[in-house]
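Owing to the predicted nature of the structure, the values given are computational and were not obtained by experimental measurement. So that the names make sense, note that chain A is the first sequence line, chain B the second, and so on, each numbered from 1.
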Amino acid sequence: GAGVSQSPSNKVTEKGKDVELRCDPISGHTALYWYRQRLGQGLEFLIYFQGNSAPDKSGLPSDRFSAERTGESVSTLTIQRTQQEDSAVYLCASSFFLGDDGYTFGSGTRLTVV
Amino acid sequence: AQTVTQSQPEMSVQEAETVTLSCTYDTSENNYYLFWYKQPPSRQMILVIRQEAYKQQNATENRFSVNFQKAAKSFSLKISDSQLGDTAMYFCAFMKPNFNKFYFGSGTKLNVKP
């Protein structure tokens, strides 16, 4: 597609429920990233996929968080047993193999846990 | 570890005037990349300007320019002839080569007043 597409745009969920967030990267971008942005703060790295290599999961805050990506296509970020502190905007981005020219970001999913 | 500091949570500027946003960072790396991203209310992160640390010449993109002081680990963004559309959050970010992971500052909210 023309840009990085994320869905849903907004999600309200009850504490304890599981949620799935989706990211469609730009076609041809081998690298895909998930970041979390809490209110009034900068972006925190969560996870990075590069082609078929093992993902860099070093930023996932707990084992309630997981992400999958098949090849160079869609990725899903799953948060199990959501907590109120999970409320944030979750931003996805993609890039060609090396991201040092900068990524292309999506518009994010705003997750609110009530 | 790499850290990025933006000491100005919020700034205001009159339309058509010039404003400078500050950013400092801490790293032991000699080569790296620095970025400024703009985040309007749409939430999408938009790349404003990029600087390679091994280049002494300051990057410029139309009304946007940087003052890169490598020894001082400072990377400020100057916006000339400010426009209402420049109103947004601005984030400074650092990336190591081949590392594909950003370290972001906490952001500066810029208000351009008519």
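- Sparse packing is recorded around CD of Gln56(B), with 12 or fewer heavy atoms of other residues, nucleotides or ligands lying under 6.0 Å away.
- How far CZ of Phe104(B) is from CD of Glu44(A): 11.5 Å, rounded to the nearest 0.5 Å.
- Both Tyr33(A) and Phe91(B) are members of a single hydrophobic cluster when ILVMFWY side chains are connected at heavy-atom separations under 4.5 Å.
- Of the listed residues Pro9(B), Gly105(B), Ser106(B), the one with more heavy-atom pairs under 4.5 angstrom with chain A than any other is Ser106(B).
- Under the 4.5 Å side-chain heavy-atom criterion for ILVMFWY residues, no single connected hydrophobic cluster contains both Met95(B) and Leu46(A).
- When the side chains of ILVMFWY residues are joined at heavy-atom separations under 4.5 Å, either directly or via intervening members, Tyr48(A) and Leu77(A) end up in two distinct hydrophobic clusters.
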After noting the C-alpha distance and the side-chain angles of Arg110(A) and Arg43(B), does the key distance pass the side-chain contact (heavy atoms from CB on, under 4.5 Å) rule?
-> CA-CA 9 Å; Arg110(A) 181 180 299 280; Arg43(B) 299 197 304 244; 3.6 Å; yes

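- For Gln50(A), the part lying near chain B is the side chain, with the backbone staying farther off; criterion is any non-hydrogen pair under 4.5 Å.
- Contact annotation: the side chain of Phe105(A) approaches that of Tyr37(B) to within less than 4.5 Å [non-hydrogen atoms, C-beta and beyond].
- Atom CG of Leu39(A) is surrounded by 12 or fewer heavy atoms from other residues, nucleotides or ligands within 6.0 Å.
- Going from atom CE of Met45(B) over to atom CD of Gln37(A) covers 6.5 Å, rounded to the nearest 0.5 Å.
- Heavy atoms closer than 4.5 Å to chain B are found in both the backbone and the side chain of Ser9(A).
- For CD of Glu68(A), the number of neighbouring non-hydrogen atoms (other residues, nucleotides, ligands) closer than 6.0 Å is 12 at most.
- The most heavy-atom pairs under 4.5 Å with chain A, out of Lys96(B), Gln6(B), Arg50(B), come from Arg50(B).
- When every heavy atom of Ser107(A) is checked against every heavy atom of Gln44(B), the shortest pair comes out as OG-CB, 3.8 Å.
- Both the backbone and the side chain of Leu43(A) come within less than 4.5 Å of a heavy atom in chain B.
- You'll find the side chain of Tyr35(A) reaches within 4.5 Å of the side chain of Lys101(B), heavy atoms only.
- Placement of Phe45(A) and Leu111(A) in two distinct hydrophobic clusters is found when ILVMFWY residues are connected by side-chain heavy-atom separations under 4.5 Å, directly or transitively.
- Leu91(A) and Val19(A) are not part of a single hydrophobic cluster, where members link through side-chain heavy atoms under 4.5 Å apart.
- Only the side chain of Gln39(B) comes within contact range of chain A, with heavy atoms under 4.5 Å apart.
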